[in-house]
Amino acid sequence: MKEFLYCFSILTIFCVGTTSCYNDLNLNLPEPDDKIVIDGWIDYGQFAKVLLTSNSAYFSTIDSASIRALVLTRAKVILTDGEKSEILILRKNENYFPPFIFEGNEIIGDTGKTYTLTAEYGGKSAWACTTIPPAVKLDTVYFKLESESDSLGTIYVEFRDPPGVKNYYRILTMRIGKDLRYYSTMIMAMDDALFSGQKFGFSLSRGPDSFLSSAGNEYFKLGDSVSIKFCTIDKTQYDFWKSFQNEVLNVSNPFASSLSTINSPVQGDGLGIWGGYGVSYYTLKIK
Amino acid sequence: MKKTIFLIFPFLAIIGIITSCSKANSKTDSTEKFSTLSVEANKATVEDAGIDLVAVLKRMRTIQTVDVIVNLGDIISSSNNSVLTKGSKLFSTLGIFASTANGDTRMNDLFKSLISPKELTQDPQSIKEFWDNNVGTYTWDPVNNDWTIVLGGTNIIMKFPSSDVASTNDATLTISGYAGITVSNPLDEDYTGDLPVALNADLKIGSKTLITYVFSANYSSDGIPKAVASDLTIENYKFEADVTNDTKIVSVSYKFLENDAVVMNLSVTGKGLFTEANYNANTTTHTETNTYVSDYIWNSDTQEWDPVYSTYTDEWDETEFEEIINSSTVEFQLSTIALRGDVDIKGLTDQIRLIQKDRDNDAITSEEADNQYAAQINKFLNLRIVKISSNEILAKTEAYVVKEINYGNVDTYINFRLIFNDGSPIDLETYTNSGFGNFVSELNGLINDINSEYDLGIETVDYKK
């Protein structure tokens with residue numbers, strides 16, 4: 001009997017102890033101001049492309065339907081290059097999600113010009129400027145098999161950094177026939193601080209098609225044909241991708257929190273990136 | 001003569017591609033102003049119009065008449081002695097209505113049936129003779145599975161059960177007032193009988209009228225219809241089809257109403273000179289003689305096969321249609337919105353021929369040609385989407401040159417885009433493909449209902465949202 005009372009007492013204390021900790025927590029989270037989120041770029045020799053969405057609250061539901069609902073198809077997007085101006089046209093493109101993209105049809109990307117993008121929607125306006133630096137070519141591209149794998153590996157590239165100027169780079173890849181478009185490698189941007197004016201080589205790890213999903217891995221595979229888009233970017237864009245990368249890495253760690261803000265070049269009622277790319281392309285068939 | 005009629009009916013066929021009607025003036029109305037609503041709001045207006053149409057079709061499917069017509073069709077199919085065949089004008093019109101209501105055929109098929117000069121029965125030598133020989137009362141005898149016929153009178157009266165569970169011949173189809181005229185028939189050289197000028201019909205269950213049908217037409221001396229008016233009223237729904245042709249103006253109007261409210265409405269008017277003489281004057285016959293190897297003959301001297309050459313001559317006609325139909329106006333109303341347009345066909349075609357000539361002579365590049373084409377299209381074609389209630393323009397359509405850069409080369413082609421109030425453009429295909437998700441969803445729901453109810457396999461509309 002004593003043992004029963006003892007056990008009962010322990011159980012009672014445990015139950016009281018655990019249930020007494022529970023309490024409904026009602027948080028009144030403030031809704032963020034409406035912002036225009038720009039994800040746009042202009043490549044050398046190409047027309048501008050701009051994905052436009054609205055921002056969403058930190059604790060809002062994130063799924064394909066909610067992301068789809070954020071797309072701004074009724075905005076007005078204006079591009080100027082200092083001489084000409086055009087209103088970008090909205091087209092459907094299933095290679096992107098949401099599958100709507102504003103595209104240029106007149107102004108072609110070139111070095112030495114400043115491209116200003118303005119997006120207007122719902123009485124709000126956001127704008128950003130970018131330039132296209134001269135392209136830099138890769139000297140070497142090859143596939144390196146991982147030591148413990150018979151089919152997976154990374155792509156190794158080498159190039160010579162132009163001396164006398166500060167350079168910033170960004171590399172995107174597309175597995176031909178597998179990917180719908182170019183995706184950034186795991187390292188989203190880098191500068192030449194450690195190899196200014198020198199020859200430099202490094203391995204490319206494949207980036208995910210979305211940081212909302214953990215599917216896939218960072219390797220390329222035997223049999224893949226990979227198109228490499230080696231880009232030069234200006235400092236403004238570099239600052240954005242560097243801070244964006246830090247944020248992406250931190251938010252994937254449940255015990256870390258980033259208190260920094262992303263260095264977006266977008267001004268006014270907007271967020272995001274508008275960047276120009278000096279580009280050189282390479283195709284590697286991995287055998 | 002056949003040529004002349006061909007000028008008109010392709011024109012009607014073009015209209016048929018779209019689907020409904022109005023007699024409103026399609027020229028740019030000076031009171032039309034750009035809508036101040038957002039693009040998304042305008043897009044929603046267009047989408048809602050489509051959803052309204054589906055809702056009407058759903059309601060139409062439930063009316064009593066559909067079952068009566070289906071049952072009449074079954075009876076006619078099972079009888080060897082029917083005054084009406086499924087190919088007859090009246091029955092095919094009613095049958096098409098039933099299948100339209102059931103979603104098997106398009107609304108446009110119904111309108112085409114309404115204005116077609118199809119006969120009362122299949123392959124008659126004379127419709128009038130057929131009519132005179134067959135007026136009488138036809139009473140369905142379910143025991144013998146055939147009609148009991150009493151000839152005489154002035155009408156064709158058919159009494160039959162309204163459904164497969166009806167125990168009496170409670171439905172009566174009365175066809176009356178046939179009149180015809182004997183003129184040459186440009187549509188069918190083998191038919192030398194009269195062409196229909198008037199015909200009435202009604203279908204009743206007891207004293208309740210389900211259907212009234214009125215057809216009237218008149219023809220020029222060469223058998224070309226100068227005017228055709230055909231109205232089909234089925235309970236709360238009315239279908240009107242009108243064609244007029246006075247050799248200078250051809251107009252076609254299709255209208256679909258529910259309780260006197262316009263559901264769909266298409267009117268197209270073409271101006272020009274629709275005569276055989278004008279057709280012939282603007283048609284050139286071209287010939288081209290070519291040589292080909294038709295055989296080989298063994299040559300014993302050379303010990304080789306020598307080819308035998310023959311010639312053949314191709315002959316074809318080329319018609320400058322812009323000299324026959326000079327201009328056209330179109331209005332397509334769907335519930336609350338309308339696509340309005342007018343095109344100066346002659347002006348546009350003349351300019352396009354000039355541009356084509358320059359391009360053929362390499363006087364201009366492909367891109368320059370496309371730029372000129374787009375400019376001329378925009379000059380001679382005026383197309384816009386209008387909200388009927390406010391007469392506001394939701395968007396204007398314009399041609400533009402799409403440029404695609406491939407490996408440093410700029411390829412061009414012409415496409416169309418909608419321009420909204422703020423000047424922002426949307427590719428026309430993007431607009432039509434992306435803004436109608438709810439409409440397509442509703443339509444597919446209707447199709448699935450029909451498939452389930454009638455054990456059919458109609459394919460749903462493939463739509464990528």
Side-chain angles (χ1 to χ4, degrees), chain A residues 36 42-54 64-65 67-79 84-110 118-125 135 227 279-281 283, chain B residues 34-47 367 370-371 374-375 394-438 440-441 462-465:
Chain A
I36 299 169
I42 182 166
D43 291 348
Y44 176 85
Q46 296 288 331
F47 296 119
K49 294 181 186 296
V50 179
L51 299 161
L52 218 59
T53 52
S54 58
S64 59
I67 294 173
R68 173 112 193 183
L70 297 175
V71 65
L72 301 180
T73 57
R74 62 187 191 222
K76 183 178 184 180
V77 184
I78 306 157
L79 174 66
K84 290 189 292 184
S85 175
E86 72 167 315
I87 303 174
L88 305 192
I89 185 166
L90 179 69
R91 294 200 178 105
K92 193 167 188 182
N93 189 330
E94 298 287 349
N95 291 344
Y96 299 92
F97 186 82
F100 298 98
I101 190 162
F102 291 88
E103 294 181 330
N105 198 53
E106 296 296 332
I107 296 174
I108 296 174
D110 198 359
T118 305
E120 298 171 356
Y121 173 71
K124 293 181 182 291
S125 181
S227 177
V279 291
S280 56
Y281 290 95
T283 300
Chain B
F34 243 123
S35 167
T36 54
L37 295 175
S38 68
V39 173
E40 287 296 302
N42 289 336
K43 190 183 287 186
T45 303
V46 177
E47 181 170 294
E367 184 176 346
D370 283 343
N371 283 328
L394 305 183
K396 285 187 175 180
T397 302
E398 73 170 26
Y400 78 112
V401 179
V402 182
K403 296 172 185 168
E404 288 182 350
I405 302 173
N406 296 306
Y407 303 104
N409 296 319
V410 179
D411 297 326
T412 62
Y413 61 93
I414 292 177
N415 208 339
F416 286 86
R417 60 188 174 190
L418 294 176
I419 304 292
F420 289 86
N421 189 29
D422 62 356
S424 59
I426 293 182
D427 184 78
L428 190 60
E429 195 179 342
T430 298
Y431 185 84
T432 53
N433 284 350
S434 62
F436 303 100
N438 292 335
V440 173
S441 176
D462 185 23
Y463 175 78
K464 283 185 179 176
K465 195 172 179 184

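Sequence lines set the chain letters: A, B, ... in the order given, protein chains first and strands last, and positions in each chain run from 1.
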Atom group of A:I108 that falls short of 4.5 Å from chain B, counting heavy atoms:
side chain

Look up atom CZ in B:R417 and atom CZ in A:R91, then write down how far apart they are to the nearest 0.5 Å.
8.5 Å

Which portion of A:F102 sits near chain B, non-hydrogen atoms under 4.5 angstrom:
neither

Correct closest heavy-atom pair for A:I87 and B:P425 would be CG2-CD, 3.5 Å

Please determine whether the number of non-hydrogen atoms from other residues, nucleotides or ligands lying under 6.0 Å from atom OH of A:Y44 exceeds 12.
no

Taking the side chain as every heavy atom from C-beta outward, state whether A:L90 and B:S424 have any pair of such atoms under 4.5 Å apart.
no

Does any backbone or side-chain atom of B:V401 lie under 4.5 Å from a heavy atom of chain A? Answer side chain, backbone, both or neither.
backbone

Separation between CD1 (A:I101) and CG (B:D427), nearest 0.5 Å, reads 13.0 Å

Return the CD1 to CD1 distance between A:I89 and B:I419, rounded to the nearest 0.5 Å.
6.5 Å

Quick check: are there more than 12 heavy atoms from other residues, nucleotides or ligands sitting under 6.0 Å from NZ of A:K76?
yes

